[in-house]
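In what follows, a single structure is set out as structure tokens and then discussed.
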Amino acid sequence: MRFWLLKSEPDVFGFPDLVRVRREPWNGVRNYQARNFLRDMREGDLCLFYHSNARPPGVVGVARVCREAYADDLQFDPASAYFDPKSGVDAPRWSMVDVEPVVAFPGVVPLDALRLMPEWEGSPLTGRGSRLSVVPVEAGAFWATLDAAGLDFGDLSGLS
DNA sequence: GCCAACGTTGGC
DNA sequence: GCCAACGTTGGC
């Protein structure tokens, strides 16, 4: 199993929204590096859910990959902001996965706190100016973050 | 293939 | 709202 981090702006789609809808196609990723990470995801992988453009920015919960990469339908929709005229149905350029909520943190674990954890050293997330919206996370960083939220392995077993 | 211009991200 | 960092675009 691998671990990831997904960024989302809470004003657009936050963790509470994921809890409400129960399952969400993670569409709209239009960066090749992030897309390749989406394609590396396997069913059952766990994702830290990160709120960007929030005060404070940070991790607010855990989600789980419940469907592996498939074509992002918005790339074919001319009405969508994510429409890509250079993509074709025969050779889709952009992918998405489906995710579902696992557990909401009792409180946010802020970016500031992550930066203080040795487990997060060297991550694209904590580096300066990173705009990557899908980030691979080392196991140590994942568990340290869960611990900082006051949770442990047992809190992940009651999958919602 | 270079690189300047431009648009976007996202912390602050 | 500001602006640094970064990715993309497009002229050449």
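Since this is a predicted model, take the numbers as computed values, not measurements.
In terms of the salt bridge (charged side-chain N to carboxylate O under 4.0 Å, His left out) criterion, Arg115(A) has no residue partners (sequence neighbours excluded). Applying the salt bridge (charged side-chain N to carboxylate O under 4.0 Å, His left out) rule to Arg67(A) yields no partners; only residues at least two apart in sequence or on another chain are considered. For Asp73(A), there are no salt bridge (charged side-chain N to carboxylate O under 4.0 Å, His left out) partners, not counting sequence neighbours.
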Pair up each side-chain donor or acceptor in residues 145-154 of chain A with any protein partner under 3.5 Å, not counting sequence neighbours, and list the distances.
from: Thr145(A); atom 1: OG1; to: Trp120(A); atom 2: NE1; distance (Å): 2.8
from: Thr145(A); atom 1: OG1; to: Ala141(A); atom 2: O; distance (Å): 2.7
from: Asp152(A); atom 1: OD1; to: Gly154(A); atom 2: N; distance (Å): 3.0

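Identified under the salt bridge (Lys or Arg N to Asp or Glu O under 4.0 Å) test for residues 28-38 of chain A, with sequence neighbours left out: Arg30(A)-Asp72(A). Listed by first and then second residue, the salt bridge (Lys or Arg N to Asp or Glu O under 4.0 Å) pairs that reach into residues 36-63 of chain A are Arg42(A)-Glu68(A), sequence neighbours excluded. Listed by first then second residue, pairs satisfying salt bridge (Lys or Arg N to Asp or Glu O under 4.0 Å) with a partner in residues 80-94 of chain A read Asp84(A)-Arg93(A), not counting sequence neighbours.
The backbone N or O of Arg23(A) sits nowhere less than 3.5 Å from a side-chain atom of Glu100(A) that would complete a donor-acceptor pair.
Of the residues in residues 71-84 of chain A, none has a non-hydrogen atom less than 4.0 angstrom from any atom of DNA chain B.
Asn31(A) places its CG atom 7 Å from the P atom of dG7(C), with the value rounded to the nearest Å.
With side-chain heavy atoms closer than 4.5 Å counting as contact, directly or through intermediates, Phe83(A) stands alone and belongs to no larger hydrophobic cluster. Apart from Met96(A) itself, the hydrophobic cluster it occupies contains Tyr70(A), where clustering links Ile, Leu, Val, Met, Phe, Trp and Tyr at side-chain heavy-atom distances under 4.5 Å.
In secondary-structure terms, DNA chain B builds stems of at least 3 consecutive Watson-Crick or G-U pairs, each pair having both distances under 3.5 Å, at B:1-12 with C:1-12.
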Could you go through nucleotides 8-12 of chain B and list every protein N or O atom that sits under 3.5 Å from one of its N or O atoms, giving the distance for each pair?
from: dT8(B); atom 1: O2; to: Arg131(A); atom 2: NH1; distance (Å): 3.2
from: dT8(B); atom 1: O2; to: Arg131(A); atom 2: NH2; distance (Å): 3.2
from: dT9(B); atom 1: O4'; to: Arg131(A); atom 2: NE; distance (Å): 3.4
from: dG10(B); atom 1: OP1; to: Lys7(A); atom 2: NZ; distance (Å): 2.9
from: dG10(B); atom 1: OP1; to: Arg131(A); atom 2: O; distance (Å): 3.3
from: dG11(B); atom 1: OP1; to: Tyr50(A); atom 2: OH; distance (Å): 2.6
from: dG11(B); atom 1: OP2; to: Asn53(A); atom 2: N; distance (Å): 3.0
from: dC12(B); atom 1: OP1; to: Arg115(A); atom 2: NH1; distance (Å): 3.2

